[in-house]
Visitor: 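Handing you a structure now.
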Amino acid sequence: CVYSGFLGSEEQIDHCKKYFASYPEALAVVDPVMGDHGKAYRTYTEAMRNRLGELVQVADVITPNLTEACMLLKIPYISEGLTRQEARSLLAKLGELGPNFVVVTGVQLATGGMANIGYDKGNNSYWVVPCDYVPVSYPGTGDLFASVLTGAFLTGDSLPIAMGRATYFVERCIKTTFSY
């Protein structure tokens, strides 16, 4: 597996592209860490956001949050809850960028709940894995989710099983931390 998370420069994007090309049989995972809550992180330039699309094109799996998904698609941030059809459309458009598997984390649904949503392009299958909303924000939860998801893939889990494992683990971590 070759897995990229937060990248701090265009040069690092070039390094990742070389790694992906050097290991064509490896699972290529891109967690496009660019922003959250509808805003880009201060460290990300417009050029870096555009170049990250080059990594997404060669990825097998991408794990953006909703902000990052909107940035990758170059659409305005979606602040309202997604209907099932809107979620499917968003996932399919992200799949058209190149990856075989797309997981968008921390999505508010039109029904009022929160979920992680996924798409397997090869099977044209969609999944929604509900999760509880905890009124707190901890840095690194997206990184943790992508890591557990990747580990599950590497041990042979299917996308829905991997999503379930990652969702449950991160939810438990957040709830445990919040309880202290």
Side-chain angles (χ1 to χ4, degrees), residues 1-7 13 16-36 48-78 81-111 113-131 141-170:
C1 175
V2 178
Y3 164 34
S4 74
F6 177 83
L7 301 172
I13 293 170
C16 288
K17 285 176 61 179
K18 287 178 186 175
Y19 272 103
F20 287 146
S22 296
Y23 299 97
E25 299 302 316
L27 180 69
V29 180
V30 174
D31 182 4
V33 182
M34 298 184 287
D36 205 359
M48 286 175 64
R49 283 188 289 240
N50 291 333
R51 296 270 334 271
L52 203 57
E54 296 171 31
L55 287 182
V56 168
Q57 289 175 355
V58 298
D60 296 309
V61 182
I62 62 169
T63 61
N65 61 33
L66 187 57
T67 298
E68 295 154 348
C70 292
M71 288 176 165
L72 288 170
L73 293 173
K74 298 180 174 145
I75 61 173
Y77 177 67
I78 303 166
L82 294 177
T83 65
R84 192 167 288 265
Q85 186 57 42
E86 289 168 335
R88 284 181 173 210
S89 176
L90 180 78
L91 289 164
K93 287 176 185 173
L94 288 165
E96 290 172 6
L97 299 179
N100 299 318
F101 302 100
V102 176
V103 179
V104 180
T105 59
V107 174
Q108 182 179 350
L109 302 174
T111 58
M114 294 292 291
N116 297 316
I117 58 175
Y119 175 55
D120 177 340
K121 185 167 62 174
N123 294 325
N124 195 34
S125 301
Y126 300 86
W127 287 275
V128 174
V129 179
C131 53
T141 54
D143 303 322
L144 184 59
F145 181 91
S147 297
V148 174
L149 182 86
T150 299
F153 267 127
L154 291 174
T155 59
D157 286 345
S158 64
L159 178 62
I161 298 294
M163 285 176 61
R165 287 184 197 280
T167 301
Y168 177 77
F169 185 79
V170 173

Visitor: In Å and rounded to the nearest 0.5 Å, what is the CH2 to CZ distance from Trp127 to Arg88?
Guide: 10.5 Å
Visitor: Rounded to the nearest 0.5 Å, what separation is found between the CZ atom of Arg49 and the CD1 atom of Ile13?
Guide: 11.0 Å
Visitor: When Leu66 is tested against each of Ile117, Asp36, Leu90, Thr105 for side-chain contact (heavy atoms from CB on, under 4.5 Å), which residue passes?
Guide: Leu90
Visitor: Quick one: does Leu55's side chain get under 4.5 Å of Ile62's, heavy atoms only?
Guide: no
Visitor: First locate atom OG1 of Thr155, then atom CZ of Arg165, and finally report the distance between them rounded to the nearest 0.5 Å.
Guide: 6.0 Å
Visitor: Tell me, do Val128 and Arg84 make a side-chain contact under 4.5 Å, heavy atoms counted?
Guide: yes
Visitor: Answer yes or no: is there a side-chain heavy-atom contact under 4.5 Å between Val107 and Leu109?
Guide: yes
Visitor: Can any side-chain N or O of Asn65 pair as donor or acceptor with the backbone N or O of Gly35 at less than 3.5 Å?
Guide: yes
Visitor: Please assess Tyr119 against Leu94 for the test side chain to side chain contact (heavy atoms under 4.5 Å, CB included), listing each intermediate value before the final yes or no.
Guide: CA-CA 9 Å; Tyr119 175 55; Leu94 288 165; over 6 Å; no
Visitor: Anything under 30° is parallel, anything over 60° is perpendicular, the rest tilted; go ahead and classify Phe153 against Phe101.
Guide: tilted
Visitor: Quick one: pull up CG in Asp157 and OG1 in Thr150 and give me the separation to the nearest 0.5 Å.
Guide: 11.5 Å
Visitor: At what distance, to the nearest 0.5 angstrom, does NZ of Lys93 lie from CD1 of Ile75?
Guide: 6.5 Å
Visitor: Would you say that Tyr168 contacts Val170 through its side chain, given a criterion of any heavy-atom pair below 4.5 Å between the two side chains?
Guide: no
Visitor: Please confirm whether the backbone N or O of Gly98 pairs with a side-chain atom of Gln57, one donor and one acceptor, at under 3.5 Å?
Guide: no
Visitor: Roughly how far, to the nearest 0.5 Å, is the CG atom of Leu91 from the CG atom of Asn124?
Guide: 11.0 Å
Visitor: Using a 4.5 Å cut-off on heavy atoms from C-beta on, say whether the side chain of Val56 contacts that of Pro99.
Guide: yes
